[in-house]
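Below: the structure, in structure tokens.
Nothing fancy with the numbering, it's 1 onward along the sequence.
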Amino acid sequence: MDKSITIIGGGLAGLTLARVLYVHGIASTVYEADASPSARTQGGQLDIHDFNGQVALKECRLFDEFRSIINMGGEAMRFLGPDGEVIGEMPDDGKLENPEVLRGELRRILLESLPDGAIKWNHKVEKVSPGSDGTHIVHFSNGLLLETDVLIGADGAWSKVRTYLSGATPDYMGTVWVETFLHDVENRHKESADLVGQGAMLAMMPGKGIFGHREANDVIHTYVVLKKPVDWKPEVDFSDKDRALPYIAEQLGEGWAPELLALITSGETIPVSRPIWGLPLGHAWKQVSGVMLVGDAAHLTPPDGDGANWALYDGAELAKMIAADPDNIEAALLAFKEKMIPRSAQSSIEGYQSFERTFGYNAPDNLREMMKQVQAATADAEKASATAGRPMDAARALMGGYAPGRS
């Protein structure tokens, strides 16, 4: 194979693609906008599913490394009403079907698995244009022009490669997530540690929520979910933590238990606001020879537990298809797209539905009803089998991915 393969984006999708290609003896180069691996934080903790994310890590031949970073016990979940009432709980069953790992640690093992020089840091893409004889030219903000035969867009929500293909841009989902952290929680924030437990805790009202995620190293990652217009401008400076955190708690309105609000007001870090965006359902594009999208660049949805998993899976599957016939990469791209588009469309529908069920107009009553159904299915093994074999999965999907560091 004499064609150059360029991957734009050094997130989970792009790194998995590069790693599986490398495993099969195929060279590629990843171009990443960040100046270094530590240039910014990498989001929170992810649950890696056994049917997609874990499959991809096995293709990477990094499964042992993955198991070494699992936050044991982290699959436990707790659902609360705004008054602190426990609606339902699910323990970590130890089966490791959806084990929790820090996104930054997962990215680290992928980075360390690639050969020297495989990643070019500090290369932010400005645009992509057609080249000669079917090639593609990537224009970087540092002045570099790169001509390549094969171009894979793994560059996330605001993908420049996607702009080259379809021009589609994400829509604002009407929701902002504001995050902060508590550290050394067993010693310094014992009440919050007991409230959240060893895994994840979600309390909600219609259009509002507080999510506490117990992460590795005795940390609670708190997210506040707020319905706000796209042009919302907070009335306080978020860099002033002591004023900003009480202000954020006030945005939730009345009716919240003090111990839930303490997850916010006791925060030890400057809050960060993250608007939630999503691509139109069924996003597709006219095929351009030699170009493909993976991960959020192809199918960005609200956080639902699947974004990072499908990003990993996309990267591994595309690499496998290329490796199966490296002299006919275009056929591999088309075959991948034919499978990925309907798969991601179905996942996106489920993601939007899950997001609405969790924070919609009848929260938390809808969750209370769902928990009754889960408990009934669990008690009846025959019924559980008839409803997809693992009755906890629907409930876990509500919680597992609500830590919006995305692919």
Side-chain angles (χ1 to χ4, degrees), residues 7 9-19 30-49 52-54 56-57 60 62-75 96 98-114 118-122 124 154-157 177-185 196 198-200 211-223 267-274 294-296 300 303 305-316 399-407:
I7 301 167
L12 298 182
L15 295 176
T16 302
L17 172 60
R19 168 62 184 177
V30 178
Y31 290 84
E32 167 56 42
D34 286 350
S36 72
S38 59
R40 60 187 174 93
T41 59
Q42 292 299 311
Q45 200 159 259
L46 306 169
D47 59 323
I48 304 301
H49 306 327
N52 49 13
Q54 292 185 44
L57 291 165
C60 290
L62 294 172
F63 201 68
D64 287 344
E65 290 84 347
F66 161 69
R67 288 178 67 92
S68 74
I69 63 171
I70 290 173
N71 182 18
M72 302 302 292
E75 289 186 63
L96 300 182
N98 302 280
E100 299 275 341
V101 300
L102 288 171
R103 175 185 283 269
E105 284 294 279
L106 184 56
R107 189 183 191 225
R108 176 185 60 78
I109 65 175
L110 287 165
L111 287 169
E112 291 176 353
S113 74
L114 295 174
I119 303 174
K120 307 297 184 186
W121 300 98
N122 202 27
K124 182 178 181 180
D155 45 343
W177 295 60
V178 184
E179 62 182 88
T180 187
F181 291 84
L182 301 173
H183 297 94
D184 192 19
V185 294
V196 172
Q198 292 302 309
F211 172 36
H213 207 174
R214 186 71 170 267
E215 296 184 350
N217 306 314
D218 208 20
V219 168
I220 291 177
H221 196 163
T222 300
Y223 300 91
E268 298 173 338
T269 59
I270 292 172
V272 176
S273 177
R274 301 190 186 279
V294 292
D296 280 355
L300 176 71
D306 275 338
N309 283 280
W310 287 123
L312 292 163
Y313 192 83
D314 281 356
M399 289 286 287
Y402 287 134
R406 301 300 300 274
S407 61

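- Of all non-hydrogen atoms in V30 and G9, the two that sit nearest each other are CG1-O, 3.5 Å.
- A donor-acceptor pair is defined here as one N or O able to donate and one able to accept, closer than 3.5 Å; such a pair exists between the side chain of Q54 and the backbone of L96.
- The minimum heavy-atom distance between R214 and V185, with the atom names listed, is NE-CG2, 3.6 Å.
- For the pair E100 (side chain) and N71 (backbone), a donor-acceptor distance under 3.5 Å is absent.
- For the pair V294/T16, no side-chain contact is recorded, criterion being any heavy-atom separation below 4.5 Å from C-beta on.
- Expressed to the nearest 0.5 Å, how far OH of Y31 lies from NZ of K120 amounts to 6.0 Å.
- D296 places no side-chain N or O within 3.5 Å of a backbone atom of A157 that could act as its donor or acceptor partner.
- In this structure, the side chain of T180 engages the main chain of T269 through a donor-acceptor pair within 3.5 Å.
- Across all non-hydrogen atoms, the minimal contact from D34 to A39 is CB-CB, 4.0 Å.
- In this structure, L12 and A308 approach most closely via the heavy-atom pair CD1-CB, 3.9 Å.
- Contact detail for L106 and I69: the closest heavy-atom pair is N-CD1, 3.7 Å.
- The distance from atom CD1 of I109 to atom OG of S113, rounded to the nearest 0.5 Å, is 8.0 Å.
- Taken to the nearest 0.5 Å, the CG atom of L17 stands 3.5 Å off from the CD1 atom of I7.
- Judged by distance alone, the side chain of R107 and the main-chain N or O of G10 form a donor-acceptor pair under 3.5 Å.
- The structure places CG of L57 at 11.5 Å from CG of D64, a figure rounded to the nearest 0.5 Å.
- Between I48 and L312 there is a side-chain heavy-atom pair separated by less than 4.5 Å.
- Atom CD of E105 sits about 12.0 Å away from atom CG of L46, to the nearest 0.5 Å.
- Looking only at distances, a side-chain donor or acceptor of Q45 sits under 3.5 Å from a matching main-chain atom of A216.
- F63 and F66 have tilted rings, their planes meeting at an angle from 30° to 60° on a 0 to 90° scale.
- R19 places a side-chain N or O within 3.5 Å of a backbone atom of C60 that can act as its donor or acceptor partner.
- Panel note: side chain D155, backbone G14; no donor-acceptor pair is recorded below 3.5 Å.
- In terms of heavy-atom proximity, Y223 sits nearest to G44 at OH-CA, 3.9 Å.
- Interatomic distance, F181 CZ to T222 OG1, rounded to the nearest 0.5 Å: 9.0 Å.
- Between L15 and L111 there is a side-chain heavy-atom pair separated by less than 4.5 Å.
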